[in-house]
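Since this is a predicted model, take the numbers as computed values, not measurements. Protein chains get the first letters and strands the later ones, always in sequence-line order, with residue 1 at the start of each.
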There are 2 protein chains.
Amino acid sequence: MFGSVEEIAVRRLLSDSGWARLPQACLEDLLSIGSVVQLAQDAPLQGHVAIVLQGVMGAFRGRDLSDAAVTALYFPFDLIDLEELPNDGEDLLAALRPAQVLQFPASGFHAAVRKHPALAHEVTTRLKRQCHDLREHVAELTGKTPEHRLAAFLVWVAEMSVTDGDRMSFELPMRRYDMARYLGMQPETLSRKIKGLVDTGAISLRSPSRLVIEDRTALLTVAGTARRAA
Amino acid sequence: MFGSVEEIAVRRLLSDSGWARLPQACLEDLLSIGSVVQLAQDAPLQGHVAIVLQGVMGAFRGRDLSDAAVTALYFPFDLIDLEELPNDGEDLLAALRPAQVLQFPASGFHAAVRKHPALAHEVTTRLKRQCHDLREHVAELTGKTPEHRLAAFLVWVAEMSVTDGDRMSFELPMRRYDMARYLGMQPETLSRKIKGLVDTGAISLRSPSRLVIEDRTALLTVAGTARRAA
DNA sequence: CGCCGTGTTGAGTAGACTCAACCCCAGTGG
DNA sequence: CCACTGGGGTTGAGTCTACTCAACACGGCG
């Protein structure tokens, strides 16, 4: 069912991630109803059940993508399930960079959940984890200064990213604008805070979107407490 | 298994709330392992699986209750399940006012979930709803001014409260200090914002904790968009 | 080359924070 | 009966910082 390009990401999904723990029959059911979807930057995800394969998806809250808040981030292997919620048309999902997801029809996915207890357990666990992450994000938004939030965010993203050997260098998975809205500040403020961290030597920028953590300890000190790991 | 006082809340749980949809056998399983716990204000909940019966519980993030952020609120009939999460000792649950919960041993509850598909579905639905609510809260924290957040919060709490016929009068389910930390502002700022709403005539205070919504439309205008209902 | 999307820099303002004092009320004990 | 106490809440003055708005820098692309 998959072309060769997509196969790589799906194969990783089935071997490296928590999903691999599921029984074989369950995985086959999932793969038989799922379809790999390529999403360009800013492309919305139609339908609301999917697993991220590559890239980062953002949950938006608001009428337009242009003025909506970024409320949550979904990294590879994260489950996206926004089905069966009060829908006032203000919940949107979009790719923050070009991304790839394994999408499911809601009915089929939920049928699989009913059929396979192990899948139900996996979904529950992931949802609890998402609640936990969101509460942590709330704690950062209510209790920390922009510097704190930025530092914690950078450490977190670095952990989620494949550092491909190159020390702590990684690609920021979204634009400044989206980062700012996720972190609850203005793009200008974000730019200044990043500059501040560069000036202190904690990080450095190879390009606007490629970042190197020069001094992780210093960054963690700024962040206060580290955020959850992958 | 219940004394007469507790029976009232449990009976409402089994008739009025979404939990009543569960099959009889499942309810009996739940009741057989659950125990009603009375919590004084600020009393922490030991163990992390419960259903709120009365009052409001708060999820805290931080070392102490005194300086922790209030990240989420649990109203009657909400499910609390913080089990099986990365536990760094900074997640706490406490009653914001005297409260009553139906508490479960984690193992027993999860056994019941495995046994009853309907319960698994109910739990999943509630967790998704909690994620949704948390995302909405994040959107408010990142995108709205303190006035907006306060107005939206008051409308929301009013909907969650039993208005006992008395127009839109209701009891605030927590102290100013906790409210402020949930809404991401300082107690002083909160006090001033409340005063501001009183001055415009949108609300009035009968006592520090008893509030009347005089002009719901005006309040909604300030809030921008209404928050999710009960 | 000019345009557009993206990111940065600068100056001024507005609004939340900090810290301190004060008010109010319920308990408590003389 | 009244003074004392402590928790909860409000008010005031001053500071600081994030926001606003505007201009500018940079790179890719038609």
Side-chain angles (χ1 to χ4, degrees), chain A residues 40-43 58 64-67 69-70 94-98 140-151 153-154 171-199 203-211 222, chain B residues 40-43 56 58 64-67 69-70 94-98 140-151 153-154 171-200 203-211 222:
Chain A
Q41 180 163 322
D42 291 327
D64 281 314
L65 273 192
S66 53
D67 73 335
V70 180
L96 298 173
R97 293 284 194 210
E140 290 175 349
L141 288 170
T142 57
K144 292 188 174 183
T145 67
E147 280 94 342
H148 292 165
R149 301 202 292 266
L150 172 59
F153 177 76
L154 292 179
E171 201 75 19
L172 288 172
M174 62 192 85
R175 286 174 297 214
R176 290 283 187 284
Y177 188 63
D178 294 319
M179 252 178 84
R181 287 188 298 176
Y182 178 69
L183 293 172
M185 62 185 90
Q186 304 302 313
E188 297 94 329
T189 304
L190 175 60
S191 179
R192 286 181 245 267
K193 297 305 174 192
I194 291 178
K195 189 173 189 298
L197 288 179
V198 170
D199 289 347
I203 62 172
S204 62
L205 286 172
R206 300 208 175 156
S207 79
S209 72
R210 186 144 203 102
L211 195 139
V222 176
Chain B
Q41 181 164 321
D42 291 327
V56 175
D64 281 316
L65 273 191
S66 53
D67 73 334
V70 179
L96 298 174
R97 293 286 194 209
E140 289 175 350
L141 288 170
T142 58
K144 291 187 174 185
T145 67
E147 281 94 340
H148 293 165
R149 301 203 290 266
L150 172 60
F153 177 76
L154 292 180
E171 201 74 19
L172 288 172
M174 62 191 85
R175 285 175 297 217
R176 291 282 186 283
Y177 189 62
D178 294 319
M179 250 178 88
R181 286 188 297 176
Y182 178 69
L183 293 173
M185 61 185 91
Q186 303 302 314
E188 296 95 327
T189 304
L190 174 61
S191 180
R192 286 182 246 266
K193 297 305 174 191
I194 291 178
K195 188 174 190 297
L197 288 178
V198 170
D199 289 347
T200 65
I203 63 172
S204 63
L205 288 171
R206 299 203 176 160
S207 80
S209 70
R210 186 143 203 104
L211 195 139
V222 175

Given atom [atom1] of [X] and atom [atom2] of [N], what is their separation to the nearest angstrom?
{"X": "A:D199", "N": "C:dT8", "atom1": "CG", "atom2": "P", "result": "12 Å"}
{"X": "A:L96", "N": "C:dG5", "atom1": "CG", "atom2": "P", "result": "18 Å"}
{"X": "B:M174", "N": "D:dG7", "atom1": "CE", "atom2": "P", "result": "21 Å"}
{"X": "A:R181", "N": "D:dA18", "atom1": "CZ", "atom2": "P", "result": "20 Å"}
{"X": "B:K144", "N": "D:dC19", "atom1": "NZ", "atom2": "P", "result": "17 Å"}
{"X": "A:H148", "N": "D:dA18", "atom1": "NE2", "atom2": "P", "result": "10 Å"}
{"X": "B:L205", "N": "C:dC25", "atom1": "CG", "atom2": "P", "result": "14 Å"}
{"X": "B:Y177", "N": "D:dG9", "atom1": "OH", "atom2": "C1'", "result": "13 Å"}

The side chain of [X] lies closest to which of these nucleotides: [options]?
{"X": "A:E188", "options": "D:dT10, D:dG12, D:dC21", "result": "D:dC21"}
{"X": "B:Q186", "options": "D:dA18, D:dT10, C:dT18", "result": "C:dT18"}
{"X": "B:K195", "options": "D:dT11, C:dC17, C:dG7", "result": "D:dT11"}
{"X": "A:Q41", "options": "D:dT20, C:dT6, C:dT8", "result": "C:dT6"}

OP1 or OP2 of [N] versus the side-chain N and O atoms of [X]: is any pair under 4.0 Å?
{"X": "A:T189", "N": "D:dC19", "answer": "yes"}
{"X": "A:S191", "N": "C:dT8", "answer": "yes"}
{"X": "A:K193", "N": "D:dT17", "answer": "no"}

message: Looking at B:R175 and B:D42, is any side-chain nitrogen of the basic one under 4.0 Å from a carboxylate oxygen of the acidic one?
response: yes
message: Does A:M179 form a side-chain contact (heavy atoms from CB on, under 4.5 Å) with A:L172? I'd like the steps, not just the answer.
response: CA-CA 9 Å; A:M179 252 178 84; A:L172 288 172; 4.1 Å; yes
task: Between B:R176 and A:M185, just flag the one whose closest nucleotide in DNA chain D comes earlier from the 5' side.
output: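 This one resolves to B:R176.
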task: Would you state whether a donor and an acceptor, one from the side chain of B:R192 and one from the base of D:dG12, lie under 3.5 Å apart?
output: yes
- request: Could you check A:R192, A:K195, A:K193 and say which one makes a salt bridge (charged side-chain N to carboxylate O under 4.0 Å, His left out) with A:E147?
  value: A:K193
- request: Would you please test B:I203 and B:I194 for side-chain contact (heavy atoms from CB on, under 4.5 Å) and show each step?
  value: CA-CA 8 Å; B:I203 63 172; B:I194 291 178; 4.2 Å; yes
- prompt: Which part of the nucleic acid, if any, lies within reach of B:P187 when heavy atoms closer than 4.0 Å are counted: base, sugar-phosphate only, or nothing?
  reply: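 No contact.
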message: Quick one, A:R149 and A:L141 - any side-chain contact, counting heavy atoms below 4.5 Å?
response: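 Side chain of A:R149 against side chain of A:L141, heavy atoms only: contact under 4.5 Å found.
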